[in-house]
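A quick note: this is a predicted structure, and the numbers were derived from the prediction, not measured. Order of listing sets the numbers, starting from 1, for every ligand and every atom in it. Just so you know, residue 1 is the first one in the sequence shown, and it goes up from there.
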Amino acid sequence: MKYFNTIIIGAGASGLFCAAQIGKRGKTVAVLDNGKKIGRKILMSGGGFCNFTNLDVTPQHYLSHNPHFVKSALARFSQWDFIAMAAEAGIAYHEKEDGQLFCDNGAEDIVAMLVRQCEQSGVRIVLRQRIESVERAESESETGEYAGFMIRANGQLWRCDNLVIASGGLSMPGLGASPFGYRIAEQFGMKVLPPRAGLVPFTYREIDKFLTALSGISLPVTITAQNGKRFNNRLLFTHRGISGPAVLQISNYWQPHESLTIDLLPSANIGELLRQAKTDSPKIRLKTLLNRVLPKKLVDVWSAQGLIEDETVANLTKVRSEKLTDLVHHWNFQPNGTEGYRTAEVTLGGVDTREISSKTMESLKVKGLYFIGEVLDVAGWLGGYNFQWAWSSAYACAQGI
Ligand code: FDA
């Protein structure tokens with residue numbers, strides 16, 4: 001049997017960083033992972049350049065049934081701490097937009113930094129591990145109290161005082177995602193809030209399929225969920241539905257069967273444009289006017305659908321003007337569903353944080369059992385917030401062990 005002070009399940013962002021921090025404090029640590037490779041999501045992230053944090057991180061950038069939960073960890077290891085650490089490691093980075101920080105050279109830089117830190121801290125990383133069971137270990141003392149955990153992996157027994165679950169959420173099963181963390185929480189009598197795909201594209205309903213003609217077109221929009229949450233960013237038409245940053249962001253706030261309101265021209269007021277055109281150039285054709293402010297293909301699709309007439313602006317009745325205003329500024333989009341975990345960047349829901357210490361990430365019910373990263377009911381916005389949660393929760397946990 002192998003003994004370590006702490007065993008971490010999951011060699012992703014949170015697991016690796018936590019391992020290095022615990023090792024740095026002089027404790028023995030092993031990380032077990034089911035994959036062939038460590039940090040697979042880091043390598044895939046940000047188009048291979050890893051959006052590792054954001055200049056503007058606040059608790060408001062996170063969703064959880066327990067909104068105050070993230071505050072302590074984010075304050076104790078902030079974006080500035082990670083940025084300083086990355087800079088010290090010589091990682092070159094740049095701000096892309098909205099405070100999002102990406103590696104200049106590639107996501108491998110982040111993985112290499114974490115590996116170096118783990119090596120320096122004497123962390124043992126063991127890959128291709130199938131975790132068969134996790135049990136509480138009985139103490140050898142006469143009280144018979146539990147002391148730590150026994151883990152069976154690939155037929156071998158491991159024992160530890162502290163067990164950290166860093167196995168992530170369900171997004172991208174192709175990258176090793178599994179419900180392991182939820183099963184462990186349930187096994188130990190803890191609550192798991194129903195998981196669902198977040199930061200995910202929407203798919204069209206059958207009756208919206210004509211929009212596939214717009215596939216590849218991207219435009220700035222304002223998109224609003226039924227709960228009033230709103231994002232200004234780009235929307236991308238795909239051959240299966242809609243995507244792009246605005247859409248991914250709002251997907252975190254969307255519930256099945258709800259609709260979304262999309263303003264396709266947030267920078268102007270179409271009613272105003274029509275009134276102006278009626279005065280200045282009444283003979284201009286409606287399509288010509290719309291082509292000046294919206295993608296031509298979109299105007300063509302509306303025209304083919306009979307949603308707009310081929311007429312001059314002067315000819316446009318009040319009723320048709322109002323309909324056009326609705327179409328442009330209040331497009332009611334009813335998704336068929338989402339693309340699901342196959343393409344989702346994050347999982348909403350997860351281990352209920354009301355049963356976790358916000359200071360140490362330790363279970364309030366099971367001493368020595370910790371949950372960090374995405375396995376928890378914490379999901380961030382698009383823009384580096386999910387990695388920041390991985391770093392912050394991992395750090396808080398390491399200080400608590
Ligand atoms: P993570 O998923 O990183 O690691 C979990 C580890 O546990 C994996 O190594 C997995 O193999 C292992 N594991 C799972 N089940 C196991 C089992 N049964 N036994 C053993 N091991 C098991 N965020 C962000 O802030 N900026 C970005 O640019 C991106 N980009 C991005 C792109 C893509 C394509 C995806 C899918 C996601 C992102 N994200 C992101 C989100 C970000 O990747 C994610 O939130 C963090 O990786 C979560 O870190 P964790 O350590 O919690 O899990």
K.L.:
Among all protein non-hydrogen atoms, which one is nearest to atom 2 (O) of ligand 1, and what is the separation to 0.1 Å?
P.N.:
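Residue, atom and distance for the closest contact: Lys41 NZ, 3.4 Å.
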
K.L.:
Which atoms of ligand 1 have any heavy atom of Gly373 under 4.0 Å away?
P.N.:
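In order of numbering, the contacting atoms are 52 (O).
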
K.L.:
As an exercise, state the distance from CD of Gln388 to OG1 of Thr53, rounded to the nearest 0.5 Å.
P.N.:
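Answer for the CD-OG1 pair, Gln388 versus Thr53, is 3.5 Å.
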
K.L.:
Mark yes when over 12 heavy atoms from residues, nucleotides or ligands other than Glu88 sit less than 6.0 Å from its CD; otherwise mark no.
P.N.:
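Not buried by this count: 12 neighbours or fewer within 6.0 Å.
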
K.L.:
Run the salt-bridge test on Glu186 and Arg183 with the 4.0 Å N-O cut-off and return the result as yes or no.
P.N.:
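Yes, this pair counts.
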
K.L.:
Could you identify the single nearest non-hydrogen protein atom to atom 1 (P) of ligand 1 and state the distance to 0.1 Å?
P.N.:
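That would be Gly12 CA, 4.1 Å.
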
K.L.:
Do Glu339 and Arg240 sit within salt-bridge range, that is, some charged N less than 4.0 Å from a carboxylate O?
P.N.:
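Yes.
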
K.L.:
Please classify the Glu345 to ligand 1 contact at 4.0 Å (heavy-atom distances, strictly less than): side chain, backbone, both or neither.
P.N.:
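Both parts.
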
K.L.:
Using a strict threshold of under 4.0 Å (side-chain N to carboxylate O), is an ion pair present between Arg285 and Asp310?
P.N.:
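Arg285 and Asp310: salt-bridged.
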
K.L.:
Starting from atom 36 (C) of ligand 1, what is the nearest protein heavy atom, named by residue and atom, and what distance separates them?
P.N.:
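Result for atom 36 (C) of ligand 1: Met172 CG, 3.4 Å.
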
K.L.:
Are Leu175 and Met44 side-chain neighbours, meaning at least one heavy-atom pair lies under 4.5 Å?
P.N.:
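Contact flag for Leu175/Met44 side chains = yes.
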
K.L.:
Please list, in number order, the atoms of ligand 1 under 4.0 Å from a heavy atom of Gly46.
P.N.:
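Counting atoms of ligand 1 from 1, those under 4.0 Å from Gly46 are 28 (O), 30 (N).
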
K.L.:
Quick one: nearest non-hydrogen protein atom to atom 12 (C) of ligand 1, plus distance?
P.N.:
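Answer, as residue, atom name and distance: Asp33 OD2, 3.2 Å.
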
K.L.:
Considering both backbone and side-chain atoms of Arg40, is one of its nitrogen or oxygen atoms within less than 3.5 Å of a nitrogen or oxygen in ligand 1?
P.N.:
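Yes; the residue has a nitrogen or oxygen that sits under 3.5 Å from a nitrogen or oxygen of the ligand.
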
K.L.:
May I ask you to list the atoms of ligand 1 that are less than 4.0 angstrom from any heavy atom of Tyr385?
P.N.:
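This gives 25 (O) as the contact atoms.
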
K.L.:
Are a donor atom and an acceptor atom from the side chains of Thr28 and Asn5 found within less than 3.5 Å of each other?
P.N.:
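The answer is no; no qualifying pair exists.
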
K.L.:
Going by the atom numbers of ligand 1, which of them fall below 4.0 Å from some non-hydrogen atom of Gly10?
P.N.:
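So the answer, numbered in order with elements, is 6 (C), 7 (O), 12 (C).
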
K.L.:
Going by the atom numbers of ligand 1, which of them fall below 4.0 Å from some non-hydrogen atom of Gly168?
P.N.:
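What qualifies from ligand 1 is 5 (C), 52 (O), 53 (O).
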
K.L.:
When the aromatic ring centroids of Phe102 and Phe52 are compared, is their separation below 6.0 Å?
P.N.:
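Ring-ring flag for Phe102/Phe52: false, centres at least 6.0 Å apart.
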
K.L.:
For ligand 1, which atoms sit closer than 4.0 Å to a heavy atom of Phe180?
P.N.:
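In order of number, 17 (C), 18 (N).
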
K.L.:
If you have a sec, work out which protein heavy atom is nearest atom 15 (N) of ligand 1 and how many Å separate them, to one decimal?
P.N.:
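The answer is Ser178 OG, 2.7 Å.
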
K.L.:
Can you tell me which residue and heavy atom of the protein come closest to atom 49 (O) of ligand 1, and the distance to 0.1 Å?
P.N.:
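Answer, as residue, atom name and distance: Ala13 CB, 3.9 Å.
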
K.L.:
Ligand 1 and Asn34, any nitrogen or oxygen pair closer than 3.5 angstrom?
P.N.:
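In this structure, Asn34 places an N or O atom under 3.5 Å from an N or O of ligand 1.
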
K.L.:
Regarding Tyr385 and Asn54, is there a side-chain donor-to-acceptor distance under 3.5 Å anywhere?
P.N.:
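The answer is yes; a qualifying pair exists.
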
K.L.:
Kindly confirm or rule out a cation-pi arrangement of Lys229 over Tyr253, judged by NZ or CZ under 6.0 Å from the six-membered ring centre and within 45° of its axis?
P.N.:
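Yes, Lys229 lies over the aromatic ring of Tyr253.
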
K.L.:
Just which atoms of ligand 1 are under 4.0 Å from any heavy atom in Asn51?
P.N.:
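That gives atoms 24 (C), 25 (O), 26 (N), 27 (C), 28 (O) of ligand 1.
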
K.L.:
Determine the sole option in Trp389, Trp391, Phe17 for which the ring pair (Phe, Tyr, Trp, His ring centres under 6.0 Å) test with Phe77 is passed.
P.N.:
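In the set Trp389, Trp391, Phe17, the residue that makes a ring pair (Phe, Tyr, Trp, His ring centres under 6.0 Å) with Phe77 is Phe17.
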
K.L.:
Under 3.5 Å between any N/O of Ile131 and any N/O of ligand 1: does that happen in this structure?
P.N.:
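In fact, backbone or side chain, Ile131 has no N or O that close.
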
K.L.:
Using heavy atoms and a threshold below 4.0 Å, how should the contact between Ser14 and ligand 1 be classified: side chain, backbone, both, or neither?
P.N.:
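Contact part for Ser14 vs ligand 1: both backbone and side chain.
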
K.L.:
Geometry only, no angles: is Glu374 polar-contacting ligand 1 at N/O separations under 3.5 Å?
P.N.:
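It does: an N or O of Glu374 is found under 3.5 Å from an N or O of ligand 1.
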
K.L.:
Taking atom CZ as the centre, does Arg320 end up with more than 12 heavy-atom neighbours from other residues, nucleotides or ligands that are less than 6.0 angstrom away?
P.N.:
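Counting other residues, nucleotides and ligands, CZ of Arg320 exceeds 12 neighbours.
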
K.L.:
How does Ser45 reach ligand 1, if at all, at less than 4.0 Å between non-hydrogen atoms: by side chain, backbone, both, or neither?
P.N.:
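Both backbone and side chain.
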
K.L.:
Record the part of Phe52 in heavy-atom contact with ligand 1 below 4.0 Å; permitted values are side chain, backbone, both and neither.
P.N.:
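Looking at Phe52 and ligand 1, no heavy atom falls under 4.0 Å.
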
K.L.:
Nearest protein heavy atom to atom 24 (C) of ligand 1, by residue and atom, and its distance?
P.N.:
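Closest protein heavy atom to atom 24 (C) of ligand 1: Phe387 CD1, 3.1 Å.
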
K.L.:
Salt bridge check, Lys323 against Asp326: does any charged N sit closer than 4.0 Å to a carboxylate O?
P.N.:
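No, Asp326 and Lys323 are not salt-bridged.
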
